[in-house]
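Letters go in sequence order (proteins before strands), and every chain restarts at 1. Nothing here was measured: the structure is a model prediction, and the numbers come from that model.
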Protein chains: 2
Amino acid sequence: MKGTIVAQLTEEQRQLIEKIGIFHEQQGFPPATGRIMGLLFVSDKPGLSFEEILETLNISKSATSNALNMLLQMRVIEYTTFPGDRKRYFSVLLDNWHQEVINKMESILGFSKLLRQANELRGNVNPEMNEKVLERIEFMEFLSKEVPALMQKWLKERQK
Amino acid sequence: MKGTIVAQLTEEQRQLIEKIGIFHEQQGFPPATGRIMGLLFVSDKPGLSFEEILETLNISKSATSNALNMLLQMRVIEYTTFPGDRKRYFSVLLDNWHQEVINKMESILGFSKLLRQANELRGNVNPEMNEKVLERIEFMEFLSKEVPALMQKWLKERQK
DNA sequence: AATTTGGTTCTTAAAATTATGAACCAACGA
DNA sequence: TCGTTGGTTCATAATTTTAAGAACCAAATT
């Protein structure tokens with residue numbers, strides 16, 4: 001069977017998809033990739049097929065393929081399959097945000113290490129700067145310790 | 001007086017500048033702009049002039065001008081002037097990271113609002129998804145409340 | 001008044017990113 | 001075994017980003 005599936009989007013859905021897309025672009029995702037995230041968040045289906053994504057967003061096969069593989073590799077989406085159906089049904093990976101938070105904190109910690117190195121390299125020529133940079137470093141270290149802890153606490157609270 | 005100022009960089013400095021530059025690129029800064037941040041962090045001078053920046057990084061006048069203005073507008077650098085000297089001396093703005101943290105939290109809160117809208121738009125077709133997305137939303141809201149509070153607490157502690 | 005300094009702005013080029021369309025391919029079904 | 005489905009990959013095009021270089025300009029200096 002051929003042709004269009006296109007469960008056409010309402011204007012409201014379309015706009016929300018764009019906004020979610022833009023947010024993802026700001027986080028460094030390519031536009032089409034961000035839009036796919038938007039679509040997956042907005043869609044009420046449990047999973048969207050390759051074809052559905054491509055048709056509702058009007059993007060090419062290759063763009064769809066590349067974007068989906070990128071999102072899979074980043075572990076922000078997943079897919080389900082069904083016996084006797086070759087299609088994959090993609091959806092947002094909703095169990096992964098803990099790890100995302102932890103990763104973000106690690107990146108911040110990484111930057112704090114660079115700043116520490118900068119402080120050492122500069123020596124004590126400008127003590128005021130050293131002190132201010134150190135404050136920043138220590139706050140970053142503090143954050144990257146406290147935020148995961150906060151998250152664990154929050155999760156414990158919540159699962160009760 | 002003409003010609004090169006170039007307080008040449010050591011290999012170690014050069015490498016650290018690149019690393020700090022790459023970190024900034026990952027945050028969405030253009031390469032040259034990220035490198036300027038690197039240089040300003042690594043330099044032991046209290047401020048670097050337009051000319052010094054351009055010469056030590058080997059970038060063009062226009063690139064330097066645009067990058068500096070971008071960084072000024074983003075409020076991540078500042079400059080000092082001295083009477084009888086037309087030059088501006090640029091340095092990292094070290095008193096602004098509180099605001100940066102707050103801004104980041106606001107952006108997260110903004111995204112949580114989009115997800116809330118998505119949840120509403122989807123209705124109750126997929127309650128498990130709604131619940132998981134809601135968990136994420138609530139954690140984001142929690143974070144964007146707690147992190148600034150944590151920061152305030154930390155600052156109070158520290159200024160004693 | 002002419003020149004130098006400390007930039008800014010404009011035009012253009014180079015490079016990188018993003019997406020297209022066509023060709024391709026393996027698995028499955030008829 | 002032939003066509004269809006569900007993609008992937010490749011070559012290329014379009015767009016965007018980034019930087020260069022030259023022209024420009026106002027303020028200060030000679």
note = Closest of D:dA20, D:dA19, C:dA19 to the B:Ser62 side chain is D:dA20

inquiry  = Could you check whether A:Gln8 and A:Arg14, counting side-chain N and O atoms only, form a donor-acceptor pair closer than 3.5 Å?
reply    = yes

message = From C-beta outward on A:Asn66, which listed nucleotide comes closest to its side chain: C:dT9, D:dT9, C:dG6?
response = D:dT9

query = Taking CZ from B:Phe29 and P from D:dT17, how many angstroms apart are they, rounded to a whole number?
reply = 16 Å

request  = Mind calculating the distance between CD (A:Glu51) and P (D:dT8) to the nearest angstrom?
outcome  = 14 Å

key: Short side-chain N/O contact to C:dG6 OP1/OP2 from B:Arg88, under 4.0 Å   = no

task = Could you tell me the separation between the CG atom of A:Leu57 and the P atom of C:dT18, rounded to a whole number of Å?
result = 17 Å

task = Can you tell me the distance, in whole Å, between the CD atom of A:Glu52 and the P atom of D:dG7?
result = 11 Å

task = Using whole Å, report how far CG of A:Leu54 lies from P of C:dG21.
result = 11 Å

ask   = Hey, are the side chains of B:Phe111 and A:His24 touching, using non-hydrogen atoms and a 4.5 Å cut-off?
value = yes

query = Toward the 5' end of DNA chain C, which comes first, A:Pro30 or A:Gly84, by nearest nucleotide?
reply = A:Pro30

query = Do B:Arg116 and B:Asn119 meet the criterion of a side-chain donor-acceptor pair at a distance under 3.5 Å?
reply = no

message = Measure CG/B:Asp85 against C1'/C:dG7 and give the value in whole Å, please.
response = 13 Å

ask   = Any ion pair linking B:Glu146 and A:Lys153 (charged N to carboxylate O, less than 4.0 Å)?
value = no

inquiry  = If you only use heavy atoms from C-beta on, which nucleotide in C:dG7, C:dT8, D:dA19 is closest to the side chain of B:Ala63?
reply    = D:dA19

Spacing of B:Ile53 atom CD1 relative to C:dG6 atom C1', expressed in whole Å = 13 Å

inquiry  = Using whole Å, what does the distance between atom P of nucleotide D:dG6 and atom CZ of A:Phe82 come to?
reply    = 14 Å

Stepwise side-chain contact (heavy atoms from CB on, under 4.5 Å) check, A:Phe139 with B:Met151 = CA-CA 8 Å; A:Phe139 181 70; B:Met151 182 171 69; 3.7 Å; yes

request  = When you get a sec, tell me which of C:dT18, D:dA20, C:dT20 is the closest nucleotide to the side chain of B:Ile59?
outcome  = D:dA20

A:Lys87 side-chain proximity, nearest of D:dA19, D:dG6, C:dT20 = D:dG6

Any B:Asn69 side-chain N or O less than 4.0 Å from OP1/OP2 of C:dT8 = yes

task = Between B:Lys61 and B:Thr64, just flag the one whose closest nucleotide in DNA chain D comes earlier from the 5' side.
result = B:Thr64

query = Where each residue is assigned the nucleotide of DNA chain D containing its nearest heavy atom, which of A:Phe50 and B:Asn58 is assigned the position nearer the 5′ end?
reply = A:Phe50

